[in-house]
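The sequence lines fix the lettering, A, B, ..., with proteins before strands; numbering per chain opens at 1. Values in this document were obtained by computation on a predicted structure and should not be read as measured data.
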Amino acid sequence: MRIHQYEKLWIVGAMILIVGFIVTITYGSVGLGITMIGDEEETIAPDELNDDEQFGEPRVEQVGENEYAAYVVAQTFIFQPDPIEIPANNEITFHVTSRDVIHGFYVPGTNINAMAIPGQVAELTVEFDEPGEHGLICHEYCGSGHHTMEGLIVVQPEDEFDLTELSAETPDTVTSGEQVQLNATVENGQLEPLETTVDAEIGDQTFQQNITVDGNSTQDVTFTAESTQLGVGEHDWTVTVDDYEETGSVEVVSNETAAAEGGEES
Amino acid sequence: MGSRVSREIGHDEYDPWGTLSLIVVYFVALTLMWLFTYFVEFVGNTPTVMGMIVPVMLG
Ligand SMILES: [Cu+2]
């Protein structure tokens, strides 16, 4: 069979194009590491989410050096957690599931695009290079409030990101003469130990304590003030750790008042 | 073809250069569109879902 010169030319051209397509796709997956969201992920019953170790409390946690996991639950018509706070320049693996119907998990302007399917966990690893805020929307029709279903991804600068949590409390009332105890708990969700300073203020008294919280653990700090020095009345208190602040107030009641009320314990 | 004047040409004398240039234009357009959709619209739309290729292939 004799094939015309021109025909040979465009047969060869078509072959080069096809090979070129295959080469670029291969380069994308091998060279750049681009992948698709597979169907080999774990499954989870939607009505057991609350008992699940991860999805029971949707959150971001550190799983390795420069590696974080974000557990996200979609439900009509919100995403949890909201906002999702993550560090820039770190590998973030989102684990996304739904509590009720099929939802979408889409960050406009990026290739982050998954379905949140009840019973299944979509797993996708991404890395944000720049700090900033990204909207997160549901792009699978899920009900009457679908158009309002949105979340927020806050990408924080790597050196400003932490997983510190502060909680603090005092008794509501303290009988004059007894001690006012302010209990603060600092939680460090990251793997490295957290060295920081706890500043506290009860009324006009100030306290300071340096602490080291090990990775993935909590540390309790107690500050004690003499109620007689504070005096009878309402006193505000504040606890600060890094950028976190907790406030409240404690009331010092005089002995006579306490006795009149039946001598209740502080 | 009746009495009309006709000329018979050989296989290699047939020279459809117009068709050839049209197809060349198609090829160039295809190549440019491919480069644009893949490298600019897709790869440039970061972040992209990353991972190891191994589980994809094994899965
Ligand atoms: Cu939805």
Side-chain angles (χ1 to χ4, degrees), chain A residues 1-18 20-41 86 88-94 105 107-114 122-130 132 134 153 155, chain B:
Chain A
M1 185 175 74
R2 291 171 60 201
I3 299 173
H4 191 276
Q5 194 77 17
Y6 288 176
E7 251 173 330
K8 281 182 191 156
L9 214 64
W10 53 68
I11 287 171
V12 169
M15 288 301 163
I16 290 173
L17 263 189
I18 291 169
F21 294 161
I22 295 172
V23 165
T24 44
I25 300 276
T26 312
Y27 164 74
S29 60
V30 176
L32 301 176
I34 293 169
T35 188
M36 298 292 129
I37 301 163
D39 59 357
E40 69 272 14
E41 317 301 352
I86 50 170
N89 290 312
N90 281 261
E91 266 186 24
I92 318 292
T93 303
F94 288 99
F105 182 85
V107 182
T110 73
N111 288 327
I112 302 170
N113 182 336
E123 212 181 289
L124 49 145
T125 302
V126 299
E127 189 170 330
F128 287 88
D129 297 330
E130 296 289 330
H134 294 266
I153 293 181
V155 183
Chain B
M1 278 288 154
S3 59
R4 289 259 187 89
V5 176
S6 67
R7 185 166 66 92
E8 218 167 89
I9 57 169
H11 189 274
D12 292 326
E13 280 174 276
Y14 179 55
D15 181 27
W17 59 268
T19 312
L20 178 71
S21 42
L22 250 185
I23 287 174
V24 168
V25 170
Y26 287 160
F27 273 43
V28 170
L30 256 179
T31 310
L32 290 179
M33 286 195 293
W34 173 252
L35 294 178
F36 180 74
T37 50
Y38 192 83
F39 287 98
V40 179
E41 288 196 309
F42 177 59
V43 175
N45 205 22
T46 53
T48 298
V49 178
M50 298 292 186
M52 299 234 300
I53 187 148
V54 184
V56 178
M57 289 178 142
L58 294 178

A.B. asks: With a 4.5 angstrom heavy-atom cut-off, which part of A:E127 approaches chain B: side chain, backbone, both or neither?
C.D. replies: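 Answer is backbone: N, CA, C or O of A:E127 sit under 4.5 Å from chain B.
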
A.B. asks: Picking from A:Q5, A:H4, A:R2, what satisfies side chain to side chain donor-acceptor pair (under 3.5 Å) with B:D12?
C.D. replies: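 Single pass found, and it is A:R2.
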
A.B. asks: Measure the spacing between CG of B:D15 and OH of A:Y6 and express it to the nearest 0.5 Å.
C.D. replies: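 Between B:D15 CG and A:Y6 OH, I get 3.5 Å after rounding to 0.5 Å.
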
A.B. asks: Can you name the residues that form a side chain to side chain contact (heavy atoms under 4.5 Å, CB included) with A:N111, not counting sequence neighbours?
C.D. replies: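 Only B:F42, B:N45, B:T48 meet the side chain to side chain contact (heavy atoms under 4.5 Å, CB included) criterion with A:N111.
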
A.B. asks: Side chain, backbone, both or neither: which part of B:F39 has an atom under 4.5 Å from a heavy atom of chain A?
C.D. replies: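 Answer is side chain: those atoms of B:F39 sit under 4.5 Å from chain A.
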
A.B. asks: Identify which part of A:I16 has an atom lying under 4.5 Å from any heavy atom of chain B, answering side chain, backbone, both or neither.
C.D. replies: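 Contact with chain B: none, neither part.
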
A.B. asks: Checking A:L17 against chain B: side chain, backbone, both or neither under 4.5 Å from a heavy atom?
C.D. replies: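 Just its side chain gets close to chain B.
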
A.B. asks: Between A:A14 and chain B, which part of the residue has a heavy atom less than 4.5 Å away: side chain, backbone, both or neither?
C.D. replies: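 Both parts, backbone and side chain.
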
A.B. asks: Using non-hydrogen atoms only, which part of A:I92 is less than 4.5 Å away from chain B: side chain, backbone, both, or neither?
C.D. replies: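 Looking at A:I92, nothing touches chain B.
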
A.B. asks: Tell me, for B:I23 versus chain A, whether the close heavy atoms (under 4.5 Å) come from the side chain, the backbone, both or neither.
C.D. replies: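 For B:I23, the side chain is the part near chain A, not the backbone.
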
A.B. asks: What are the two closest non-hydrogen atoms of A:T110 and B:P47, and how far apart are they?
C.D. replies: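 So the minimum-distance heavy-atom pair works out to CG2-CD, 3.5 Å.
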
A.B. asks: Go through A:T24, A:V126, A:I112, A:L124 and name the one with the most non-hydrogen pairs under 4.5 angstrom from chain B.
C.D. replies: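 When all of A:T24, A:V126, A:I112, A:L124 are compared, A:T24 has the most.
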
A.B. asks: Taking ring-ring contact (aromatic ring centres under 6.0 Å, His included) as the definition, give me every residue that meets it alongside B:W34, ordered by chain and number, with sequence neighbours left out.
C.D. replies: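 Here the qualifying residues are A:F21, B:Y38.
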
A.B. asks: Specify which of A:L9, A:I25, A:I37 makes the most heavy-atom pairs with chain B at under 4.5 Å.
C.D. replies: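 Top count of heavy-atom pairs under 4.5 Å with chain B: A:I25.
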
A.B. asks: Using a 6.0 Å cut-off, check whether atom CD of A:E130 has over 12 heavy atoms from anything other than its own residue.
C.D. replies: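 No, the 6.0 Å shell around CD holds no more than 12 heavy atoms from other groups.
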
A.B. asks: Using the side chain to side chain contact (heavy atoms under 4.5 Å, CB included) rule, take A:I34 and B:M50 through it: C-alpha gap first, then chi angles, then the decisive distance, then the call.
C.D. replies: CA-CA 5 Å; A:I34 293 169; B:M50 298 292 186; 4.3 Å; yes

